[in-house]
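A short write-up of the structure that comes next.
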Amino acid sequence: MSSPRASTGSTVHDCWDCMLPGPPSRNNFGSADLSLSALLAFPSGSSISVLDVRSMQLIVTIPIPPPTQSSSSTSSSLSPFVTSVRWTPLPLRRDLLSTEPSSSHLLLAAGDRQGRIALLDLRLKSPILWFDTDSSPSKLAIQDLAWVQARPDSYLLASISGFSSLSLYNSSTGRCFWKYDAAPEVLSCIRRDPFDSRHFCVVGLKGFLLSVTVLGETESDVIIKEFQIRTDSTELLKLERDLAGGVSGNSSSASAVFPTYAVRFAFSPQWRHILFVTFPRELVVFDLQYETPLFSATLPRGCGKFLDVLPDPNYEFLYCAHLDGKLSTWRRKEGGQVHIMCSMEELMPSIGTSVPSPLVLALVISQSDSTLQNIGKLYSDVPHSPFPDVDFDNPFDFCDEPLLVSKTHLISISDDGKIWNWLLTAEGLEDNRKDDTNLGISEVPVPGTNTNIIVSSTGGLDMKTGKQIEKINGGRSRPSNSTVSHTDLVLKISLVGQLQLLSSAVTMLAVPSPSSTATLGRGGNYPVVAVPLVALGTQSGTVDVVDVSANAVAASFSVHNGTVRGLRWLGNSRLVSFSYSQVSEKSGGFINKLIVTCARSGLNRQFRVLQKPERAPIRALRASSSGRYLLILLRDAPVEVWAMTKSPIMLRSLALPFTVLEWTLPAVPRPAQNKPATQSSTSSSPKDHSPVASDGTSSPTKGSSDSKSSDGSQDDTSESFAFALANGALGVFEVHGRRIRDFRPKWPSSSFVSSDGLITAMAYRLPHVVMGDRSGNIRWWDVTTGYSSSFNTHREGIRRIKFSPVVPGDRSRGRVAVLFYDNTFSVFDLDSPDPLANSLLQPQFPGTLVLELDWLPLRTDKNDPLLLCIAGADSSFRLLEINLVDKKLGYTHQPRSIKERFRPMPLCSPILLPTPHALALRVILQLGVKPSWFNTCSTTLDKRPHQIPGTPKSNDDLRSYLIDLPPVGDPVVPELLLKVLEPYRKEGCILDDERAKLYAMVVNKGFSVRFAFAAAIFGESSEALFWLQLPRALNHLMNKMVNKSPQKTPASASVPEIDDASMLNRITSKGKSVSGTEKKDAMNEGQLRLMAFEPEDLWANASERIPWHEKLEGEDAIQNRVHELVSIGNLEAAVSLLLSTPPESNYFSANALRAVALSSAVSKSLLELAVKVVAANMVRNDRSLSGTHLLCAVGRYQEACSQLQDAGCWTDAATLAATHLKGSDYARVLLRWASHVLRAEHNIWRALILYVAAGALQEALAALREAQQPDTAAMFILACREIHANFISDLGNCDDESSSLIRDKLLNLPGIGPESEDVMAVSEYYGQYQRKLVHLCMDSQPFSE
């Protein structure tokens, strides 16, 4: 932003990347969101911070602009607390041929306490859209947000505002098109369904549950269902009674009024329709399909209230955060939805934390690692990577842990400004025989309330359930049929990363002095280079030292028990601070606490320790620029002068009525080409100064600033300070050793001293003293010549004045920053003829008030911008960049070149690259590149810690990094893309060690796994799961084409690690209950369940759910249970259940008829015609599925599936088809299901798998082209051809005649043969995409943030 005046000589630019937020608090409602790209967004006060959780580095902090109101009150222009954040689920867009590259994948929705919702662009670091939330007069705080999909290419935003208002907004226009009022319920939490992105649920504090399905963008397209979860609301009712008089209207929300009463829920990532709901003291598992709870557990005594619930993405664990800072882990028992607590951990370690312990505000689970783990575990049995430069020494390499069952990262946020990265692992017992230092994982304490858990000798947990689970993440020598039982499972937790932000509300700001002891006489004219550190005092008593070059907290010292009320640097390595506490209100005495802190060692040493309380508290500290002397100002008491030696000693006290005291800053350095330093440079002649301007103001600093002035009369150890007295008198004292003497300056004229304004602020740099008073006047005075001048700022009183740092060659030496009592500031140039006209007016810093400010003395060149440090009232620390503009030379503001911030380690987050460069990296990962290209510590042999970043290793041809010539597209394009990505490769910031090793392991295992890896790196987990399932789907299709069952098919060579020889036994029995000890298919674990299509998988998933509902009562529940049993072919159990219906039931006649029909099917005596007529009569009832069951009884399964699909029961239809249909009949059911998933649910990746399994490859290709994904369409053809070729080559190993006939039959895949017009069109489309991408990459400048 620029100054309002056209003649301004400087501009201001806010370095948002040079901003540190204050700590989050409960005012932020515990909001946080972790994207699939491992970017964590969380609010801190009125700002939003984004960090990379892999390297635990802050990326950017974005302050939310204040409301634009015409009110003149100061509070109206302050930014309110941000209360909810949510990343957009949009992926990296690839439709380059139709649109320009966008950053839609880096959008973030944020709601605040005043009911505003903004859509923020992480690249622009500012809002790009404000949603229309102003329709209601009262400002309803935003409680929670969620994205909902209504169209394939766009999402809607759902929000809870106030106590009970639910709204849906169009994300393109910001218009609200649907509202729902749930009063008197209090809504708390909103989440999107991972199985159907059109569906979301909302839960209330009293157990109210709302299920919403959005079919379009009009009010009539929203379908809602209301449920009630029974829970004990006694405590909530008591809280409501207590707050009846204190709740501020209906503008409050659940988290604002009841901060310790949290109700949260999460969808199960493994099972459709299953919700996990936590009330303060109860965990409930709710089934949306049955509309009833399946399980509830009450917390045992001694456990803190629930704060949040997070299901593991891959394994059936629940992680629950508690208000007391603990984490409980729950595991599902086999055969039901019963969950048992199996561990209790501390998220706030007792060592190293303050008392009372900080609060845990939020907990999020990393979803990005789970997809990469799926890739790793499926390809862990294959031979080594052929690249010799890949090492496997990293202790966090999960491929090197033979018995590691699960590995999950959790991120917790505490209110002391710390972000914690926790690694949770479940390991087999044999793994404990390894050296525990390999992982550095601590023991797990077990609560005494858990009687069914035994602490093992290794400090882990033995869960005695008898359930067998497979080892999911085996080592390279693991036998394929090995298993790990829960009896041998050991749960461990370890802290693997932490980021410290500002620890409390900022009260003081101190910049290190640009001087040191050697700066004066013997040290020459140039001061030592100032360290880029800023110290911040906080309300909690800590002192945070900020490294501005890295925009990070370098150290945090716990110094005081109360608020830090004063803070100063002593030189460059010591800090002095003070706090005080009142003994009692009656006596009025104060205990002043003064502490010197060593910034290097962190040691605190108290001085000036008195035995009794003092009458007056300390008012301020003033340290000399060398750090040798300290002035202690007490309220209504003499000023003390201290020599800050190793053991500080008081020199003397000055009993004068001082109002302001300021030490002199070091003298302005002279250019090297000026007079020798040995010559006398004292100048007091009027001719050395600029003449008085015509308007009466002078320009006093231009001439005398090049001279050391009175500094020539000082010796090495003397320093001076200027002061003002209560009567308006001014003076300068010089301190030399123990002596303090009058400096004897040349006084200004008598009219200079004003009687109407008490001097409140002062700055002193030889030879100039600048003063400000409580009337807004600024005066300056040359102590060597007596020249003076003044002007009025027409503002409130002045609190601080700070001289800007000066370097040789500066045209102006009189720039000052002025902080006013209304917490605004301005920058004036006192050397200009009219300082007020040429000021940089800053009437209000955007969104916050300024508490303290000071210049950062880091300038070394006259062209460098000035950096102003600001401590905001929102507890943030910011750097303001002020660029100088010289009107005489016609300079204009030029945007500074982008400089990479200093980082302790590379920031490997490809999603942050410019969109063309990110797409280029995606193409390179897909086509295959040698692991040495990544230039990480583990994949490049000649990479050393001392290697200078950016220096080329060699002049090798970049094409040598490619594994093979690209089989599709222009062969020149990959080399051009490698050249574009070369700056990132040299910096080693493309992939971190762990992901680079995983890529090295899978890069030669076929196209599909490379495509899955590329998708996972950019956070597109659904696409990654599609590529992982594609080989199975295509093999299923080809097996069907050769009329062979999947069990008899030769192993697929495309993914040898998931064939029948290396996978666990699949469930193949039908009509029987699943034994708890049978082994599950490893491909069907976790997220891969979302992509199930094979009959065995669909049938097994349905069979797993049946025992959950055996104990449910009620007629509706019985109808659903009968439906489930018929779907999996267990007619005997269905008949038994139907015959148990009591005669008085409304369902008795229908159930009896179904029982007769089903039993006749079992006994082979059918009355088909009669049953069909009865079935047709029963179907007229929309609620009943009885007609479907009768069709099954007479063997009309195809018609039954169609009827189920017409009723919207798509999964049930597929389960029924998997049980009874084969060949083309089964394919027809899958094909219709695929069209529904694509067109209605907008889930293209799930639809593609179903298309492939049904044999509709052309439809799959058409869907990709319609979605404008040219790269994915081309890669799809490559993967299918590779899988097909491997299948044919496997058949070639057999010499029998049938194999040769099959090879002839499967010579080409239907629909994607080389002669297909669709395939040729895709190739041409991909070529155009590549050429456009290269042009865009060449036009984009490389940067990483």
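What's counted below: heavy atoms across the whole structure, side chains too, no hydrogens, waters or symmetry copies. The structure presented is a predicted model; accordingly, all values stated were derived computationally and were not measured.
Taking all atoms of both residues into account, the shortest heavy-atom contact from Trp1108 to Arg332 is NE1-NH1, 3.4 Å. The two atoms that bring Leu288 and Cys201 nearest to each other are CD1-SG, 3.9 Å, heavy atoms only. Heavy-atom minimum distance, Leu140 versus Gly162: CB-N, 3.6 Å. Closest approach of Phe279 to Gly204, counting heavy atoms only: CE2-O, 4.2 Å. Contact detail for His199 and Val148: the closest heavy-atom pair is N-CG1, 4.4 Å. Across all their heavy atoms, Val186 and Ala254 have their closest contact at CG1-CB, 3.7 Å.
You'll find the side chain of Val285 reaches within 4.5 Å of the side chain of Ile274, heavy atoms only. Thr408 places a side-chain heavy atom less than 4.5 Å from the side chain of Tyr319. Considering only heavy atoms from C-beta on, Leu1025 stays 4.5 Å or farther from Trp1245 through its side chain.
A side-chain contact (heavy atoms from CB on, under 4.5 Å) with Ile229 is found for exactly one of Leu275, Val284, Thr292, Val263, namely Val284.
From Glu217, atom CD reaches atom OH of Tyr169 across 15.0 Å, with rounding to the nearest 0.5 Å. The line from CG of Leu156 to CG of Leu168 is 6.0 Å long, rounded to the nearest 0.5 Å.
Ion pairing between Asp144 and Arg86 holds under the 4.0 Å rule for side-chain N and carboxylate O. The existence of a salt bridge linking Asp1206 and Arg1232 is confirmed by a sub-4.0 Å separation between a basic side-chain nitrogen and an acidic carboxylate oxygen.
Under the 3.5 Å distance criterion, with hydrogens and angles disregarded, no donor-acceptor pair is assigned to the side chains of His1242 and Ser197. Counted by atom type alone, His1123 and Asp1212 present one or more donor-acceptor pairs between their side chains at under 3.5 Å. Side-chain N/O atoms of Thr298 and Arg281 include no donor and acceptor closer than 3.5 Å.
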